[in-house]
Protein chains: 2
Amino acid sequence: MSEPRGRSTQRHATATDVARLAGVSQSAVSRAFTPGASIARETRARVEDAARALGYRPNAIARSLTTRRSRIIGVAAAYLQNHFYPDVLEALSKGLQARGYHLLLFTPDAARDADPLLQEVLAWQVDALILASTTLSSALAGQCRAAGIPVLLFNRTSRHADVSSVTGENLRGGRLIAEFLVAGGHKRLAFIAGIENSSTSRDREAGFTGWLAEHGHAPPLREVGLYDFEAASAAARRLLARSDRPDAIFVANDHMATAVSEVARHEFGLRIPRDLSLVGFDDTGPARWPSFSLTSFAQPLHPMVDAAVAMVCEMIEDPAAPTRHQVVPGELVVRGSARIPPEGCVSRGDALVWRPVQETVV
Amino acid sequence: MSEPRGRSTQRHATATDVARLAGVSQSAVSRAFTPGASIARETRARVEDAARALGYRPNAIARSLTTRRSRIIGVAAAYLQNHFYPDVLEALSKGLQARGYHLLLFTPDAARDADPLLQEVLAWQVDALILASTTLSSALAGQCRAAGIPVLLFNRTSRHADVSSVTGENLRGGRLIAEFLVAGGHKRLAFIAGIENSSTSRDREAGFTGWLAEHGHAPPLREVGLYDFEAASAAARRLLARSDRPDAIFVANDHMATAVSEVARHEFGLRIPRDLSLVGFDDTGPARWPSFSLTSFAQPLHPMVDAAVAMVCEMIEDPAAPTRHQVVPGELVVRGSARIPPEGCVSRGDALVWRPVQETVV
DNA sequence: GCGGGATTTGCATGCGCATGCAAGCCTTCC
DNA sequence: GGAAGGCTTGCATGCGCATGCAAATCCCGC
């Protein structure tokens with residue numbers, strides 16, 4: 001190879017080495033690598049040559065120490081089994097990479113408390129924290145605020161603390177789904193919740209049951225699926241084994257909805273949507289495949305991620321900015337997993353969506 | 001809240017602040033947070049009290065600067081749509097978190113060159129680099145070696161450079177699948193490749209076609225699916241539209257195999273496995289769901305990740321260690337997507353696996 | 001009661017870089 | 001020709017922590 005050096009840890013070249021070779025001061029080297037710094041064109045070229053010759057790259061750690069900005073953003077993501085989150089992660093990573101940030105990933109155990117892990121991430125002086133599928137303890141929120149670290153909840157909100165968030169239209173989605181299922185003539189509705197104390201599940205449920213109550217319908221049956229494939233399967237079994245089996249189930253996300261679909265068809269021999277209507281939430285991954293063809297309220301990935309990236313960057317610029325709760329609009333994408341009401345669906349682009357007559361803004 | 005401080009960037013407490021409050025030197029504070037350092041029990045307690053009072057946490061960036069170990073591991077992962085990788089990512093993250101490392105994630109564009117991004121990650125003085133779905137340019141491999149940074153390829157190997165790797169049994173898997181399909185009486189085989197220059201796809205194909213050739217069978221039809229859902233769908237359409245439609249397809253991974261399954265059943269109205277047998281690779285995610293019930297060569301996630309974690313840690317300990325190519329054994333899990341040969345399958349645990357009579361070790 | 005070893009502590013320094021400041025240089029204009 | 005002003009440059013310093021070394025303290029046995 002072209003690297004005939006000694007066997008192991010070759011000391012990395014430092015700015016001082018480059019300076020020596022280029023015949024300039026270390027400051028000049030620093031300036032050569034700092035966009036906008038005051039340096040003559042010719043000097044910069046000389047430094048760049050020397051840097052290339054030595055294979056020099058500025059040490060991001062040392063730089064962070066002096067600039068006090070790490071350009072690292074801590075991201076917590078759990079439930080990567082749910083296809084929504086890998087997509088989010090990839091989009092977030094690309095969006096932030098494009099702006100010169102990198103992601104320090106951590107994956108809290110669903111079971112265990114995330115706080116100790118978060119602490120480790122804070123030790124890295126992250127410029128911001130994005131929590132994609134974890135709730136934030138109010139203690140930690142306080143710490144972050146005290147330390148001036150912006151925190152953004154993605155697809156979650158927190159009632160404890162005053163923390164910014166980006167979410168889809170959970171409440172409205174739940175309402176629309178109720179309306180849609182009732183319009184489809186279903187009589188025995190059921191809801192499968194995600195994790196009880198997650199804001200997404202609560203809001204979706206609140207929208208769903210709220211609309212039903214307001215319109216004089218019986219409250220739906222209810223089971224808990226914990227946003228987990230197996231748990232959702234079990235929840236489906238309980239529901240479908242009942243003598244008063246529901247004729248429509250709203251499942252709090254698509255990941256669980258696929259599980260329910262599998263159980264309904266392959267264990268109970270039901271036909272969808274003839275025997276059972278199914279509606280999910282997220283409109284992501286396998287839900288779109290023909291095998292599932294899931295009717296689902298869409299959480300538009302890229303708008304949500306773009307919003308998150310923009311908000312995080314703003315918050316880093318101005319840590320004193322007020323908290324914001326951005327809600328990214330979505331729509332109920334109608335496919336084949338639920339009976340389609342005789343009217344009320346309109347085609348938008350290549351998809352069919354549920355278009356309520358007139359809804360009150362929530 | 002309990003943090004009545006001023007509005008924004010509260011300067012973080014430093015070791016010196018803690019030292020002052022605790023009435024000791026800054027070194028003592030440092031030692032209190034360094035496991036194994038020489039410090040009296042009582043002093044440590046005093047420091048810890050002061051630290052707690054000030055909300056002090058050692059600054060990981062400053063620590064890294066002096067220790068020259070960042071305890072950060074760069075991880076490149078693309079193709080997160082393929083369910084295998086989120087699972088890998090989560091397991092890797094947990095495994096390394098448990099050992100005190102954190103992951104700096106970066107997501108190279110499949111299209112674009114990963115090198116510039118890798119450079120940025122190297123600037124972070126990562127202790128090691130794990131490439132989960134990206135190939136490494138030999139230039140970069142040289143740089144890493146020169147810098148003494150261990151590199152581990154996960155589910156890839158590289159012919160260019162002498163870089164350690166962890167993979168499944170790609171070659172053997174391909175051979176077993178050939179044998180399995182032939183034993184099932186199939187006559188017109190096809191292979192759908194992933195990305196042409198990825199070692200996984202090449203090895204799987206080499207095993208497949210190698211076995212066929214050795215046993216006097218015609219070479220399979222061949223299409224390319226680029227490890228992409230849409231591209232694999234298109235490849236399937238091309239294959240299935242032929243007048244000499246294949247009666248069995250080996251698809252280079254499960255992600256693509258689900259696409260093929262969808263196309264075959266929902267666009268061509270084929271019944272699986274009666275009209276078409278399908279075998280995938282990875283044994284992950286939706287492949288196991290009843291809707292797909294994919295026969296697939298398993299790449300055991302946790303053994304692979306555990307091996308990767310162990311290898312990375314070793315390499316960090318001893319950068320001069322020789323490169324290793326660890327191959328984690330798997331097995332062909334037999335489900336319903338391919339015709340089952342009259343004999344040769346044995347049940348292992350709750351699964352059925354293909355048990356070749358006697359194979360030569362490859 | 002005292003010396004010697006073990007333990008604990010503080011001092012000083014450096015990790016690699018960014019940056020305020022002042023000195024140096026060149027251009028320009030009267 | 002000289003001075004003012006703009007552009008570059010180097011010097012010195014500090015970011016927050018770890019650590020070698022020497023000083024200080026403690027404990028123990030004789």
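Throughout, protein chains are lettered first and strands after them, A, B, ... in sequence-line order, and every chain is numbered starting at 1.
Residue B/Thr66 has its side chain nearest to D/dC17 when only D/dC17, C/dA12, C/dC17 are considered.
The distance between atom CZ of A/Arg71 and atom C1' of C/dA18, rounded to the nearest whole Å, is 15 Å. A/Ile61 places its CD1 atom 16 Å from the P atom of D/dG16, with the value rounded to the nearest Å. Distance CG (A/Asp17) to C1' (C/dC17): 13 Å, rounded to an integer number of Å. If you measure from atom CZ of A/Arg20 to atom C1' of C/dG16, you get 13 Å, rounded to the nearest angstrom. In this structure, B/Gln26 places its CD atom 15 Å from P of D/dG14, rounding to the nearest Å. One interatomic measurement links the two molecules: CG of A/Leu65 to P of D/dT13, which rounds to 18 Å at whole-angstrom precision. Atom CG of B/Asn59 and atom C1' of D/dG16 are 6 Å apart (whole Å). A/Arg63 places its CZ atom 18 Å from the P atom of D/dG16, with the value rounded to the nearest Å.
Ring geometry, B/Tyr227 versus B/Tyr79: the interplanar angle exceeds 60°, so the pair is classed perpendicular (tilted spans 30 to 60°).
The terminal axes of the helix from C/dG1-D/dC30 to C/dC30-D/dG1, fitted over 5 pairs per end, subtend an angle of 40° to the nearest 10°.
With sequence neighbours excluded, the residues satisfying side-chain hydrogen bond (donor to acceptor under 3.5 Å, both in side chains) with B/Asp127 are B/Ser70.
Looking at residues 28-48 of chain B, you'll see B/Ser30, B/Arg31 sit with a heavy atom under 4.0 Å from some atom of DNA chain D.
The stretch residues 20-30 of chain A participates, sequence neighbours left out, in these side-chain hydrogen bond (donor to acceptor under 3.5 Å, both in side chains) pairs: A/Asp17-A/Arg20. Pairs passing the ring pair (Phe, Tyr, Trp, His ring centres under 6.0 Å) check and including a residue from residues 13-36 of chain A, sequence neighbours excluded, read A/Phe33-A/Tyr56.
Residue B/Thr67 places no side-chain atom within donor-acceptor reach of the base of D/dC17, judged by atom type and a 3.5 Å distance cut-off alone. Remark: the B/Thr16 side chain and the D/dC17 base include no donor-acceptor N/O pair separated by less than 3.5 Å.
A donor-acceptor pair shorter than 3.5 Å cannot be found between the side chains of A/Thr323 and A/Ser164.
Under the 4.0 Å criterion applied to side-chain N and carboxylate O atoms, A/Glu48 and A/Arg52 are not assigned as salt-bridge partners.
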Less than 3.5 Å apart, which donor and acceptor atoms pair up between the side chains of residues 98-106 of chain A and the rest of the protein, not counting sequence neighbours?
residue, atom, partner, partner atom, Å
A/His102, NE2, B/Glu120, OE1, 2.9

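In this structure, the side chains of B/Gln81 and A/Asp87 come closer than 4.5 Å at one or more pairs of heavy atoms.
Here the closest non-hydrogen pair linking A/Val151 and A/Met315 is O-CE, 3.2 Å.
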